[in-house]
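Report on one structure; see the data block that follows.
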Amino acid sequence: MTSSLPGDRERLAAAAALARGRDHDTLPNPPVGCLLVDAGGEVVGAGFHRGFGLPHAEAEALESAGPRARGATAFVTLEPCAVARPGKRTPPCAPRLLAAGVARVVYSCDDPDGDAGGEGPRLLREAGVAVVRLACPEAEALLPRWRAAASDPLPWTVAKWAMTLDGKIADARGGARWISGEESRARVQEARSRVDAVMVGARTAALDDPDLRPRPAGGPAPRIPLRVVVDGSLRMHPGSRLATTARESPVLVACGGAAPGARRAALEALGVEVAAVPGPGRGVDLPALMALLRARGVRRVLIEGGGELHAAALRAGVVRQAMVFLAPTLLGGRGAPTPVGGAEGLRQAADPLRLEEVRVTSCGPDLLIEGFVPRRAP
Ligand SMILES: NC(=O)c1ccc[n+]([C@@H]2O[C@H](COP(=O)([O-])OP(=O)(O)OC[C@H]3O[C@@H](n4cnc5c(N)ncnc54)[C@H](OP(=O)(O)O)[C@@H]3O)[C@@H](O)[C@H]2O)c1
């Protein structure tokens, strides 16, 4: 390992600044920043990992530098990855840095990721690139949530809903169309294209008859997530959009132990996969369902309601993050569903479940409020 040079630490801190506050978008991937600096000290490229399923920081920085990456030093907050894994959506970064002709790599944090750890720096060193590992507190500060996620046996699960100012996710008749504005709905389409699975409860499947496949405006065809319905009694209609499109893109329905065999056969005949994941009563064991998804390579899940499923998932401790669109509208109605239902409340008012690292952004006329669910049982 070669030694560091004056200014290296400051450059690493600048790379870390690019990635700060990005873990809402990247988890269970790490937030990573990368700067490319040429021999004269000029920054020729910069990038950060913008979100799960999107290019890594190094790829973004190389893209922005173009041919000026040749002979440059790459400052990366986390060691560049080297291993291409089945299901991984982005090619490994160490070979890309090599191919671009980067002369030196300065990184801060090791990747504890099983057999992948240390492989990138080794590959670069063997190819003649000078590799320096340098402690940088700003880079290390990016990673606590990612480190926790890396040892989590369940997928990174985001509960998403859109609600009115009076806290309704649908009107009193159950209609949820157009709760949020156009920009928010576009954002949801984008979020769907960046997860491995999208999940809804049985009532949402019945009332909204959703398709759940992303439909981004323009751009390349999105990757289609696995569509999952939590349906204890297996009431999903064989004529529903989900059932009738199951042969085009996969649909998994998770049911309880007492789901009628005839309903199962009717759905399976349409190409729907039915998995019995029995929990208490007629319910579905949500941690077991999440473990089943994780075992299939699902790493990020978007739960898109409704309120009963959100409540059950929060209570079961499987939700890691919330993504809430708040529309400046009112609906009223005692019977109109709210985003976290359930017969019993989750907490007392004096001790509510408080989201952490809350990020608030505008989305057209709506607000998007995101935060992490604390890791103690609600
Ligand atoms: N604005 C938004 O963002 C948004 C998003 C989604 C939905 N919505 C609206 O929300 C309403 C539906 O919400 P909802 O709260 O009434 O229903 P829901 O959460 O969609 O579905 C509830 C049903 O899901 C099944 N379920 C949930 N958790 C389960 C578990 N652990 N085990 C087994 N089954 C489980 C149960 O079905 P069984 O009783 O059959 O077992 C339960 O009755 C609709 O009006 C929809 O339009 C709005």
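Start at 1 and go down the list; that is how both ligands and their atoms are numbered.
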Heavy atoms of other groups near E182 CD, more than 12 under 6.0 Å: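 Atom CD in E182 is not crowded, with 12 or fewer foreign heavy atoms closer than 6.0 Å.
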Just by modelled atom types, is the [Y] backbone N or O under 3.5 Å from a matching donor or acceptor in the [X] side chain?
X    : Y    : value
E183 : C363 : no
R192 : L302 : no
D196 : R300 : yes

If you measure every N/O of [X] against every N/O of ligand 1, is any gap under 3.5 Å?
X    : result
A170 : no
L286 : no
K160 : no
E304 : no
R235 : yes

Do [X] and [Y] have side-chain atoms, one donor and one acceptor, less than 3.5 Å apart?
X    : Y    : value
R299 : N29  : yes
S184 : D366 : yes
T73  : R11  : no

Beyond-backbone contact of P121 with V105, side-chain heavy atoms, under 4.5 angstrom: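 When only atoms from C-beta onward are counted, V105 and P121 do not touch, as no gap falls below 4.5 Å.
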Which atoms from ligand 1 have a heavy atom of [X] less than 4.0 Å away?
X    : answer
W161 : 3 (O)
S233 : 40 (O), 41 (O)
L207 : 44 (C), 45 (O)
G307 : 13 (O), 14 (P), 15 (O), 19 (O)
G283 : 32 (N), 33 (C)
A162 : 1 (N), 2 (C), 3 (O)
G232 : 33 (C), 34 (N), 41 (O)

For ligand 1, the portion of T204 having any non-hydrogen atom under 4.0 Å away: both
From V200, L309, V229 - option closest to atom 28 (N) of ligand 1 by heavy atom: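 Nearest option to atom 28 (N) of ligand 1, by heavy atoms: L309.
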Pick from S180, G306, P287: the one approaching atom 18 (P) of ligand 1 most closely through a non-hydrogen atom: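 Among S180, G306, P287, the closest heavy atom to atom 18 (P) of ligand 1 belongs to G306.
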Suppose we measure from [atom] to each protein heavy atom; which comes out shortest, and what is that distance?
atom                    : value
atom 22 (C) of ligand 1 : E308 CB, 3.5 Å
atom 47 (O) of ligand 1 : D208 OD1, 2.6 Å
atom 45 (O) of ligand 1 : G174 O, 2.7 Å
atom 24 (O) of ligand 1 : A202 N, 3.1 Å
atom 16 (O) of ligand 1 : R203 NE, 2.8 Å
atom 48 (C) of ligand 1 : I169 O, 3.2 Å
atom 30 (C) of ligand 1 : V284 N, 3.7 Å
atom 35 (C) of ligand 1 : V230 CG1, 3.6 Å

Within one Ile-Leu-Val-Met-Phe-Trp-Tyr cluster: L134 and V43, side-chain cutoff 4.5 Å: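 Yes; V43 is reachable from L134 via cluster members.
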Non-hydrogen atoms of P278 and G257 that approach each other most closely: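 So the minimum-distance heavy-atom pair works out to CB-N, 3.6 Å.
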Whether H310 and W161 hold their rings parallel, tilted or perpendicular, with breakpoints at 30° and 60°: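 If you compare the ring of H310 with that of W161, the planes turn out tilted.
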Member of R359, R50, H49 meeting the side-chain hydrogen bond (donor to acceptor under 3.5 Å, both in side chains) criterion with D25: R359
Side-chain ion pair, R263 and D231, N-O less than 4.0 Å: no
Is_contact(atom 42 (C) of ligand 1), protein non-hydrogen, under 4.0 Å: no
Stepwise side-chain hydrogen bond (donor to acceptor under 3.5 Å, both in side chains) check, R227 with T245: CA-CA 10 Å; R227 297 172 290 166; T245 58; 3.0 Å; yes
